[in-house]
Participant: 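My questions will all concern the structure given below.
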Amino acid sequence: MLTTTHPKPKRSAANGHSPASTVTIGSYLATRLEQIGLKHHFAVAGDYNLVLLDELLLNQKMKQVYCCNELNCGFAAEGYARAHGAAACVVTYSVGALSAFNALTSAYAESLPVILISGGPNTNDFGANHLLHHTLGTRNLRYQFEMARQITCEAVTITHPEEAPWLIDKAIRAAFRNRKPVYIEIPCNLSAALCPAPGPRASLLDLPESDPASLAAAVGAASAFLRQAARPLLLAGPRLRSYGGVTAFRDLAEALGCGVAVMPGAKGFFPEEHDQFVGLYLGAVSSPGCSALVESADAVLAAGPIFNDYTTVGWTAQPAVSKTIHVDPGRVHVAGVTYNDVSLPHFLAALGEAAKQNPRNAATLVEYRRTCVETAPPAIAEPDAPLTRAEMCRQIQTVIDRDTTLIVETGDSWFNGFNMVLPDGASFEIEMQYGHIGWSVPAAFGYAVGAPGRRIVLMVGDGSFQLTAQEVCQMVRLELPVIIFLVNNRGYTIEVEIHDGPYNNIKNWDYAGIMSVFNSTDGDGLGLRANTGKELAAAIREAVAHKTGPTLIECTIDRDDCTRQLMEWGSRVAAANSRPPQHG
Ligand code: DPX
Ligand code: MG
């Protein structure tokens, strides 16, 4: 990075005084971020964004939170958006933004409104035949913007101060309406340039309207479809929360009185202690009693589902179109007929009002209670026996209280997490559509910044941790008492189950020891190691009592000690991956 110094652009109109009705572009952006409810933004400094960071710092209502690199910065924002509804991150041009794009893609896949703000080249360099540092080394200064367009629902570049207010508002409005990430590029010489002052927040947070005729038709068709069903069932999908449907879904469930299952990415969106809860649906590896119920239902209302190769367990589990009401964010399909321009929460709320309790609707519940075998509580392992996955999970379960958010990384931590019981109030975070290993460490950091009152419990595998481990130092820096269970099974176990080879072995680290590196002379993180159940119990006691920084507990388990679900799921996904090419 160059050590360029930035003379502050004059904050003045022609006469040297700022008219009261103008502010800097950076200040305009800060006001908008504050108005949409952000209390923090995440950042990595670079010479294309330094003046912008200065401008954002002037806003006393928002804190600037720093990350070790831009990938982590994007994931921290993604985690913050999960806790707080939306997020922003600020990076430098190209060397920074291109790393952040991976996390922005995650935000797209996971339907989270993350605003990526990148500093950009000085406006005088466009068209001046200049080569700029941190770029391709060609005259093309538009490539970043063109790339951003592919992974956002709105990308804007501010080319003149007068354009800034409407472009910034346009991007922020799009993020909220679509629940997707957006990109704002601000040339480095415009961050402190003056633009018209912001008015009220106006329609920035408005959600899409529904077409009344289409909504009424969809509700009518869905009501009729559910009325004729003998075995209706509700299925919560991962998009339910992003599109504001959690409450309406619960009201609808209670109005209908039928069984309710959740997809893995929707764990926690319907209370597990609720009478109507029938478990987690993941085809052959569903929770006990759940798959038979979903697969024998004659009407499944799937609200915000994502049916991909993973969630359908290698295309082996997907409710038939003819018996599904499929509620997407902007449209509803009832048994194969599509109703467009219908918002998900509007549809669920209207259907809930129209729905009548039908004694038949409880059929699936009665059957669930009859067939679901009570699982015995897990046995307590001998205290000095080598730690097993089952004993580790039994003990982690004791940490999950009503104020806990359990965050699970891609790997067997997914399946360990699916098996955890969430008391009312506890929540669950997973990045199952994108599945970028390493997501969870910076996302847990961002989540903890956004939800200071909650206990954050992270389960992450050794392989995943190695991607983004350094972000633990930011938890140390901000004294966030995140509890990290690092599962050291010496490799990429989930990949072993899908397709094994030497590439699934990784270099071992002293994971517990890494905390002293992050602490340096001024931090208070704890790094502990558990090789037995007794050591884990002692480590958990320390972690729960430790409030001035994170605790990382390295849990050493056998390389092949994985869940039964992972093995079954892995073999089905592997079969789907190895389908031969179709010809003709
Ligand atoms: C890979 C995965 O150690 O967990 O429980 O041992 O599997 P388990 P680990 O964290 O290992 C994770 C590993 C390598 N996936 O098994 S899930 C491929 C992959 C990915 N994301 C990125 N690169 C590779 N999902 C960024
Ligand atoms: Mg592993």
Side-chain angles (χ1 to χ4, degrees), residues 208 210-240 243 245-246 248-263 265-266 269-270 276 278-283 286 290-309 311-313 315-368:
S210 292
D211 177 83
S214 196
L215 174 64
V219 170
S223 302
F225 190 72
L226 288 170
R227 252 196 320 275
Q228 53 76 42
R231 301 165 60 76
L233 196 114
L234 258 54
L235 181 63
R239 293 191 165 134
L240 195 53
Y243 292 91
V246 170
F249 180 81
R250 181 179 173 154
D251 292 346
L252 170 64
E254 289 173 354
L256 288 169
C258 64
V260 181
V262 297
M263 295 183 77
F269 294 177
F270 188 79
Q276 290 170 252
V278 299
L280 183 140
Y281 181 63
L282 186 55
S286 300
C290 185
S291 69
L293 231 52
V294 175
E295 283 154 23
S296 65
D298 58 357
V300 176
L301 184 146
I306 298 181
F307 293 118
N308 65 18
D309 50 347
T311 62
T312 64
V313 196
W315 309 115
T316 62
Q318 181 166 7
V321 169
S322 60
K323 62 174 196 176
T324 310
I325 300 170
H326 184 131
V327 192
D328 270 337
R331 62 192 166 168
V332 175
H333 317 266
V334 183
V337 179
T338 300
Y339 301 85
N340 287 327
D341 298 323
V342 175
S343 108
L344 179 145
H346 295 168
F347 173 77
L348 295 177
L351 188 60
E353 277 164 29
K356 297 270 174 305
Q357 272 257 1
N358 180 336
R360 267 197 333 224
N361 288 352
T364 43
L365 275 178
V366 173
E367 184 179 321
Y368 175 68

Participant: Nearest heavy-atom pair of A248 and A349: which atoms, and what distance?
Facilitator: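 Shortest heavy-atom contact: CB-N, 3.9 Å.
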
Participant: Can you find a pair of side-chain heavy atoms, one from C258 and one from L234, that are under 4.5 Å apart?
Facilitator: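 C258 reaches L234 side chain to side chain.
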
Participant: Between V219 and V342, does the side-chain contact (heavy atoms from CB on, under 4.5 Å) criterion hold? Intermediate values first, please.
Facilitator: CA-CA 10 Å; V219 170; V342 175; over 6 Å; no

Participant: Taking all non-hydrogen atoms of both residues, which atom of G245 and which atom of P345 are closest, and how far apart?
Facilitator: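 Nearest pair, atom of G245 first, then P345: CA-CB, 4.4 Å.
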
Participant: Please step through side-chain contact (heavy atoms from CB on, under 4.5 Å) for the pair L240 and L348, ending with a clear verdict.
Facilitator: CA-CA 10 Å; L240 195 53; L348 295 177; 3.7 Å; yes

Participant: Please report the closest heavy-atom contact between S210 and H346, naming both atoms and the distance.
Facilitator: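 Between these two residues, the closest heavy atoms are OG-ND1, 2.7 Å.
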
Participant: Is there a side-chain contact between M263 and F307 in this structure, where contact means two heavy atoms from C-beta onward sitting under 4.5 Å apart?
Facilitator: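 When only atoms from C-beta onward are counted, F307 and M263 do touch, with a gap below 4.5 Å.
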
Participant: In Å and rounded to the nearest 0.5 Å, what is the NZ to OG distance from K323 to S296?
Facilitator: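 Taking NZ in K323 and OG in S296, the distance rounds to 7.0 Å.
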
Participant: Distance from D251 atom CG to E353 atom CD, nearest 0.5 Å?
Facilitator: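 One gets 9.0 Å once the value is rounded to the nearest 0.5 Å.
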
Participant: Taking all non-hydrogen atoms of both residues, which atom of L344 and which atom of V327 are closest, and how far apart?
Facilitator: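 What the structure gives for the nearest pair is CD1-O, 3.8 Å.
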
Participant: Say you draw a straight line from CD1 of I306 to CZ of R239; how long is it, rounded to the nearest 0.5 Å?
Facilitator: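 That separation rounds to 4.0 Å.
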
Participant: Can you tell me how far CG of D341 sits from CG of L215, rounded to the nearest 0.5 angstrom?
Facilitator: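 With rounding to 0.5 Å, CG (L215) is 10.5 Å from CG (D341).
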
Participant: Can you give me the closest heavy-atom contact between L226 and A299, atom names plus distance?
Facilitator: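 So the two residues come closest at CD2-CB, 4.3 Å.
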
Participant: Can you see which heavy atom on V313 is nearest to which on T316, and at what distance?
Facilitator: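 For V313 versus T316, the nearest heavy atoms are O-OG1, 2.8 Å.
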
Participant: So, N361 side chain and G257 main chain: donor-acceptor pair closer than 3.5 Å or not?
Facilitator: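 Checked: no pair found.
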
Participant: Is any side-chain heavy atom of L233 less than 4.5 Å from a side-chain heavy atom of R231?
Facilitator: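 Heavy-atom side-chain distance check fails, nothing below 4.5 Å.
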
Participant: Could you walk me through whether H333 and T324 pass side-chain contact (heavy atoms from CB on, under 4.5 Å), step by step?
Facilitator: CA-CA 8 Å; H333 317 266; T324 310; over 6 Å; no

Participant: Using a distance-only test with no angle check, is there a side-chain donor-acceptor pair under 3.5 angstrom linking Y281 and E295?
Facilitator: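 E295 and Y281 do have a side-chain donor-acceptor pair below 3.5 Å.
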
Participant: Just verifying a value: how many Å separate F249 CZ and L235 CG, rounded to the nearest 0.5 Å?
Facilitator: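 Rounded to the nearest 0.5 Å, the CZ-CG separation comes out at 7.0 Å.
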
Participant: Hey, could you give me the CG/CZ distance between L351 and F225, rounded to the nearest 0.5 Å?
Facilitator: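 It is 12.0 Å, given to the nearest 0.5 Å.
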
Participant: What residues, two or more places apart in sequence or in another chain, satisfy ring-ring contact (aromatic ring centres under 6.0 Å, His included) together with F270?
Facilitator: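 ring-ring contact (aromatic ring centres under 6.0 Å, His included) check on F270 returns H274.
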
